[in-house]
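Structure record follows, encoded as structure tokens.
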Amino acid sequence: MSERDRRDDTPAVSRRSFLGQASCAAVGSTALMSTALDLGMLNALASTSGDYRALVCVFLSGGIDSYNVLVPTGDAEYAEYAAVRDDLALPQASLLPITPATPDGRSYGLHAGMPELRSLFASGRAALVANVGTLVEPTTLAQFRDRSVTLPLGLFSHSDQAMHWQSSIPDARAASGWAGRMEDILGSLNSNTNISMNISLSGTNVFQSGGQSAPYTIGTNGSRGLRDYGGTSTAARARTDAVDGLLGMTYQHLFEQTYADAMRGALDAHRDFGSAVEGVSLTTPFSQTRLSERLRMVARTIGARDALGMRRQTFFVEFGGWDHHDEVLVSQQQMLPVLSAALAEFDAALGELGVRDQVTTFTASDFGRTLTSNGRGSDHAWGGNHIVTGGCVRGGDLYGSYPSLYPGNELDTGRGRLIPTTSVDEYVAELALWFGVPRTDLELVVPNLRRFYDPGASAPPIGFLASPSSAPTPTARSGSPRIRRPRTAAPRTRSPRRF
Amino acid sequence: MLHVRAVPCLVAAAALIAPVEAGAAVSPREASRFLTQATLGADWEEIERVSRIGYEDWLEDQFARPIGYHEPDLLRRAGIGEDVGASERRWSWWEQVIEGPDPLRQRVALALSEIFVVSDAVSTIRGEPIGLANYYDTLLEHSFGNYRDLLRDVTLHPIMGAYLSHLRNRRSDPSRGRFPDENYAREIMQLFSIGLFELRTDGTLAVDGTGAPIPTYDNDDITEFAKIFTGLAFASPDPDFRRGTPVWNRPMRMYDAYHEPGAKRLLRGRYVPPGQTGMQDIDAAIDNLFEHPNVGPFIGRRLIQRLVTSNPSPEYVGRVAAAFDDDGRGVRGNLEAVVRAILLDPEARAWPNRAEVSNGRLRESFLRRVHLARAFNASSLAREFPIEDSNAPNDFGQRPLSSPTVFNFFLPDYRPDGPIADAALTAPEFQVINSITAIASANALRTQIDRAMNFESDDTFEVRLDLTDEIALAANAAALVDRLDLLLTYGHMSARTRQIVIDAVERLSDPVERTRLAVYLVVLSPEYAIVK
């Protein structure tokens, strides 16, 4: 076994954060761990308490026209909507009415293709967050116009805005994602060292990059193994030994080493993953769409969490094709039902597994689109509306601030490109806190957060995940100092990169 | 030129290739390495030719070769009543890539298809295989032509028009609050010509007084350029902007009634005056972008990355950009000069030093499949290439002309986490390598080696590698591996990799099995994956 094959399995006790058993425990509460608790006790708790949480990112790549997902239905607001959207307006009567728990004086409807989402919303397991987007700092139209604020780099560009949503660092082209940074803080809660906390159903992505272990990619059928690897025939043994030899060497060339690590990591992870997930089958039916099949695989992986030794996981699931410069109406008519059904099927599968409270699913996208039409579709814009589902979601409500839609309104930078009223940073912070990132570490995950939200505040950043008043706070964990190893000091030995 | 030729491993291999004439210009291993850059994969025929006539003459010969177009075979099939779909287009692609007369041009065109991206992942384009082949032929045609003509013909191609939605893009309608589609205006600048930021001539970022990069355009520029790209629709026999019969293999034409009237602001202080025809506007905009000083370093760096190395030095980019700016005869944008500059640059030609840790590039995942096909003369008894590649996007993470987005399979600045990112290097091709593709591609390559490149009920159509010459050597594992080393790893395989493969081969007895295992292990090895 070569030097690189040695896994760093030293328990990083000081980096563990004890977060209690109640999954819907307060996002706003202070999560502390006591150094008085010994490791054995922590592990015992972990294995028996069901302390498990997963975040599932459904990335709608291309930039979804989400002002046709959530539409104001009151006559006056609908008239504004219809006027600005022109040929892109959905018929008023087609919209599926929803009633947010917190009235804002407006009434709303969902796209006709999303009845399952409406049911989730009505049952309190889905929330909507209005006009979210990338911001470096709070931005007004006047500031935008006189350029007195710093704007996200590459505003309105796919590659940049998708990166910023996934990095939560819009003032830099950062390759490190916020799940990657969460992995630095929480990854050691997982006992499995062959499989990253971050699992992608859609290959390489920024969201999960930059952590101590690279995201682990699986397909709709799980992991893949090398044919005949580990077989017992003479030929298979010769093959296996040679593969091990080629991948086990130390390469001076960085590219060769990276390539060898990718293959080695994939072989090692498959050994654990394949058998663990094979044992999980679901009776919940899923549609035969790629999105549904991916989410089914996510559910099966969650079902294997104990066998895999996982207490924290993120999943990245891409659903592409939303760049509707043309055919936006027809395309959304086909694609939104796919999204709606898949979210509901996933929710049902989590119910079957009994883990609804332990999984939160959220949408993200490059950007929203122009309210105005180009005659067939809409163009790249900025703020957009998003969906959060899960048992801990304070569902049935609309969060953030749904904007006015008339041309030239106080957020309109032109053509109905709306300045976001809720920053990606706040959205991310809400999710990260629920996931168990301690408030003291929150700025490691969302470096610019303080421009929008005081990480020490008692109120949550947005509030769409269970609040302090609605769930019990972890008990008997106050007063003890919590020790956290700063990121810069004494980093763990890097494990081989896994892809 | 002095070359190290006394490499014993070449002896056995040399016996199986056409004799290299005395006084050959280039050693076989240098020729083989050159061909990893200049073609879609080295094969014996080209190794022999480069060795014999040298790099420069080989390039001149390639520039003059007839073009291996992809559309004619589809038209032929359509003409005799055969189905012509997305599959048949791939067959045509494979035929030209394996057997075409112009391996350098096929290489450059594939690189251009990863810059001027269109994709049959979009159903409209998947349904127009003849149009898509015609688009690819447009890239082939201009591979050694002028970049300005390339940019114009790409802009006017209906496949691009459908992909980036400027086909049937209309002038604004203020009464209804409608504006021109901005899609093409944005991507022609961001991806096809100048990029997001001002570049120095060596491709490094220019900065302002505060050290910040300087954007090349802002959103107002995009709305202006969006006006330019209005009024284009099919060149139909029944000309009608909105309802004309689709014609996918001829340039779009201008319908001036649908073109935005009035003056438009271009970049760098230029304007188009009011009253011009739509096509005059487009030509002015193409010229405006073409003359931008960013184009040479922007396009040059991308082509260097595809052909030679992920991390060219600024000096290398600068030399290629200089060739773009002036081909030596005062012509700007001559891609023949750019290709020559990229491949003959000292940084491309220097024999790789084993002490270097970041030279070269990761072979594109799918191009391992192509290289095997070329190196071992893949063919079927029927002399056809009905290769579907239906699983390639999952297995390899890529398939030509099937990019998931206009941003290609990988971004030019992608850096995988780990030592490459830590060293602030880029390695674009790694973006499609993950725990699925790393393994699935190896399995797919094994199927290609052991069995065939496709599955056909009639096995006269199965495309198989020809390993006859290798099998003839298989009794001698060292000779077998040395031959593969020259063909696949340009004689640069390390002693330890060589030994691992030899040891494995010697555990088997059947010559066919020995050969297949050797090819598989070489192709799976990290030293094959990275072309230095």
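Order of the sequence lines sets the chain letters (A, B, ...), proteins ahead of strands, with each chain counted from 1.
Both the sub-6.0 Å distance and the 45° axial angle are satisfied by Arg496(B) relative to the ring of Tyr251(A).
Using modelled atom types, one finds no donor on one side chain facing an acceptor on the other under 3.5 Å when comparing His324(A) with Arg369(A). No hydrogens or angles considered: nothing links the side chains of Thr370(A) and Glu182(B) as a donor-acceptor pair under 3.5 Å. A donor atom on one side chain and an acceptor atom on the other are found under 3.5 Å apart for Ser172(B) and Glu260(B). Looking at Tyr216(A) and Asn194(A), their side chains never bring a donor and an acceptor atom within 3.5 Å of each other. In summary, the side chains of Gln208(A) and Asn205(A) do present a donor paired with an acceptor at a separation below 3.5 Å, with no hydrogens or angles considered. Between Glu527(B) and Thr497(B), the side chains place a donor N or O and an acceptor N or O closer than 3.5 Å (distance only, hydrogens not considered).
Both the backbone and the side chain of Asn183(B) have a heavy atom closer than 4.5 Å to some heavy atom of chain A. Proximity to chain B is limited to the side chain of Arg417(A), based on heavy atoms less than 4.5 angstrom apart. With a threshold of 4.5 angstrom between heavy atoms, Phe197(B) approaches chain A through side-chain atoms but not through N, CA, C or O. Of the two parts of Ser373(A), the backbone and the side chain both hold a non-hydrogen atom closer than 4.5 Å to a non-hydrogen atom of chain B. Proximity to chain A (any heavy atom under 4.5 Å) is shown, for Ser525(B), by both the backbone and the side chain. Residue contact with chain A, scored on non-hydrogen atoms closer than 4.5 Å, involves the side chain of Leu425(B) exclusively. Of the atoms belonging to Arg361(B), it is backbone heavy atoms, and not side-chain ones, that fall under 4.5 Å from chain A. Contact of Leu371(A) with chain B is not made at all, since no heavy-atom distance falls under 4.5 Å. Using a 4.5 Å cut-off between heavy atoms, Gln431(B) contacts chain A through both its backbone and its side chain. With a 4.5 angstrom heavy-atom cutoff, Ser157(A) touches chain B via backbone and side-chain atoms both. When heavy atoms are compared at a cutoff of 4.5 Å, Ser310(B) approaches chain A solely by way of its side chain, counted from C-beta outward. Contacts of Asn169(B) with chain A are made by both backbone and side-chain atoms, with heavy-atom separations under 4.5 Å. Both the backbone and the side chain of Phe179(B) come within contact range of chain A, judged by heavy atoms closer than 4.5 Å. If you measure heavy-atom distances from Glu187(B) to chain A, the contacts under 4.5 Å come from the side chain alone. At a 4.5 Å heavy-atom cutoff, the contact between Ile439(B) and chain A is made by backbone and side-chain atoms alike. Of the two parts of Ala121(B), neither the backbone nor the side chain holds a non-hydrogen atom closer than 4.5 Å to a non-hydrogen atom of chain A. For a residue to count as touching a neighbouring chain, one of its non-hydrogen atoms must lie under 4.5 Å from one of that chain's; by this rule Arg507(B) touches chain A with backbone and side chain alike. For a residue to count as touching a neighbouring chain, one of its non-hydrogen atoms must lie under 4.5 Å from one of that chain's; by this rule Leu508(B) touches chain A with the side chain only.
If you take OG1 on Thr447(B) and OH on Tyr520(B), they are separated by 9.5 Å, rounding to the nearest 0.5 Å.
Nearest heavy-atom pair, Asp181(B) versus Ser165(B), reported as atom, atom and distance to 0.1 Å: OD2-OG, 2.8 Å. The two atoms that bring Ser403(B) and Phe409(B) nearest to each other are CA-CE2, 3.3 Å, heavy atoms only.
If you tally non-hydrogen atom pairs under 4.5 Å between each of Gly320(A), Ser159(A), Ser61(A) and chain B, the highest count goes to Ser159(A). Of the listed residues (Thr372(A), Asp326(A), Leu153(A), Leu246(A)), the one with the most heavy-atom contacts under 4.5 Å to chain B is Leu246(A). Of all the listed residues (Arg239(A), Gln252(A), Arg224(A)), the one sharing the greatest number of non-hydrogen pairs under 4.5 Å with chain B is Arg239(A).
We find that Arg446(B) and Asp228(A) are joined by a salt bridge, their nearest charged nitrogen and carboxylate oxygen being less than 4.0 Å apart. Classification of Arg176(B) and Asp87(A) as a salt-bridged pair fails, no side-chain N sitting under 4.0 Å from a carboxylate O.
Using modelled atom types, no side-chain atom of Glu327(A) and backbone atom of Arg376(A) make a donor-acceptor pair closer than 3.5 Å.
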